Amino acid sequence: MANYFANKFKESILKVDHQIDLDFALTLEHAIIDLTETAFKATTSKDKIFHSKITKVEDEIFTVTYEGKFPSGNVFRLVQPKQEMFFLIETPFASKSVEGGFTIASKYTQGWAISFYLTPNKPAFKEEVTDAQKTDSVKRHVEVFNATINSIYPENALAITQKLLEIIRIDPNLIYRAEHVDQIIAFMKQNMKFYSSAEKDVVSQL
């Protein structure tokens, strides 16, 4: 796969050990990507060229995982969906021009990961990227809430729900794209007195 544009559609950031590596991954937005089974090359929008040899470390049913090195010298993981599986997945976020994708991530699975679609000649549609980012944000807020409510700092739970309500304000059903939402919905309905009238309106639709 050569000379495709990278279009960011998802961020998952749990822990950042080396900010310089995450910053680099974010510069890959709209970079021209040349990806093979042995090498990863990216030409960024600022005409900076990055090249790394990659080695296959895992071959699963749906994905292949490689390892390479960031400009810093730290190891990255690159996960690529297998082509035959990618085209069987009907996603609401990908335009018809999408030819594949990849995720670049820190070495540790509990670190961070940035995912991209690959398109020829042009970026993915903006509305597709925005919708995907909203979905990812909803999932992160629900996950953080579930971790927080059972921690020693449950007082942060209300603030998390308020941020979530702003994200799903236009389309409350977005919350159901996340898993394990029963607890957060129950919390919001039990604490209606702490929300504004606009926030109450969203909660009442859940």
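Here the structure is a predicted model, which means the values were calculated and not measured.
Heavy-atom contacts from other residues, nucleotides or ligands closer than 6.0 Å to NZ of Lys200 number more than 12.
With sequence neighbours left out, the side chain to side chain donor-acceptor pair (under 3.5 Å) criterion links Glu143 to no other residue. With sequence neighbours left out, the side-chain contact (heavy atoms from CB on, under 4.5 Å) criterion links Ser196 to Ala198, Glu199. Here Glu179 pairs with nothing under the side chain to side chain donor-acceptor pair (under 3.5 Å) rule; sequence neighbours left out. Taking Val79 as the reference, Thr63, Thr65, Arg77, Thr103 meet the side-chain contact (heavy atoms from CB on, under 4.5 Å) condition, with sequence neighbours excluded. Taking Ser204 as the reference, Asp201 meet the side-chain contact (heavy atoms from CB on, under 4.5 Å) condition, with sequence neighbours excluded. Take Glu11 and apply the salt bridge (Lys or Arg N to Asp or Glu O under 4.0 Å) test, not counting sequence neighbours, and it matches Lys8. For Tyr66, the ring pair (Phe, Tyr, Trp, His ring centres under 6.0 Å) test picks out no residue, with sequence neighbours left out. Contacts of Asp59 classified as side chain to side chain donor-acceptor pair (under 3.5 Å), with partners at least two apart in sequence or in another chain: Lys82. Not counting sequence neighbours, Tyr176 has no partner by the ring pair (Phe, Tyr, Trp, His ring centres under 6.0 Å) test. With sequence neighbours left out, Ser72 forms a side chain to side chain donor-acceptor pair (under 3.5 Å) with Asp21, Asn74.
In this structure, Ser106 contributes its side chain and Trp112 its backbone to a donor-acceptor pair below 3.5 Å.
Each side chain to side chain donor-acceptor pair (under 3.5 Å) pair with one or both residues in residues 180-190, not counting sequence neighbours, appears once here: Asn146-Gln183. Applying the side chain to side chain donor-acceptor pair (under 3.5 Å) test to residues at least two apart or on different chains, the pairs with a partner in residues 160-175 are Thr161-Tyr195.
The same ILVMFWY cluster, assembled from side-chain heavy atoms under 4.5 Å apart, contains both Leu26 and Leu118. The cluster map of Ile, Leu, Val, Met, Phe, Trp and Tyr, joined by side-chain heavy atoms under 4.5 Å apart, puts Val202 and Met192 in the same cluster. A chain of hydrophobic side-chain contacts below 4.5 Å, direct or via other Ile, Leu, Val, Met, Phe, Trp or Tyr residues, connects Leu164 to Phe194. No chain of hydrophobic side-chain contacts below 4.5 Å, direct or via other Ile, Leu, Val, Met, Phe, Trp or Tyr residues, connects Val75 to Leu35. Both Val16 and Ile114 are part of a single hydrophobic cluster, where members link through side-chain heavy atoms under 4.5 Å apart.
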Can you list the steps and then say if Phe116 with Phe5 is a side-chain contact (heavy atoms from CB on, under 4.5 Å)? CA-CA 9 Å; Phe116 299 88; Phe5 288 89; over 6 Å; no
Would you check, one step at a time, whether the test side-chain contact (heavy atoms from CB on, under 4.5 Å) holds for Lys15 with Asp17? CA-CA 6 Å; Lys15 180 181 179 182; Asp17 290 327; 3.1 Å; yes
Quick one, Arg177 with Leu174, criterion side-chain contact (heavy atoms from CB on, under 4.5 Å). Give me CA distance, side-chain angles, the key distance, then yes/no. CA-CA 6 Å; Arg177 293 182 180 178; Leu174 279 173; 3.4 Å; yes
Kindly determine whether Lys48 and Thr43 satisfy side-chain contact (heavy atoms from CB on, under 4.5 Å), including the steps that lead there. CA-CA 6 Å; Lys48 291 186 177 181; Thr43 304; over 6 Å; no
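Two residues are said to be in side-chain contact when any heavy atoms from C-beta on lie closer than 4.5 Å; Thr44 and Phe50 fail this criterion. No side-chain heavy atom of Glu67 sits under 4.5 Å from any side-chain heavy atom of Leu78. Counting heavy atoms from C-beta on, the side chains of Phe76 and Phe24 never come closer than 4.5 Å. Between Ile184 and Val181, some side-chain heavy-atom pair lies under the 4.5 Å cut-off. Residues Ile104 and Phe70 have side chains in contact (heavy-atom distance under 4.5 Å, counting atoms from C-beta outward). In this structure, the side chains of Ile167 and Ile175 stay at 4.5 Å or more apart for every pair of heavy atoms. Using a 4.5 Å cut-off on side-chain heavy atoms (C-beta onward), Ile160 and Ile149 make no contact.
We find the CG-CG distance between Leu165 and Leu206 to be 7.5 Å, quoted to the nearest 0.5 Å. In this structure, OG in Ser52 is found 7.5 Å from CD1 in Ile54, a value given to the nearest 0.5 Å.
Aromatic rings of Phe187 and Phe145 (six-membered ring for Trp) have centroids within the 6.0 Å cut-off, being under it.
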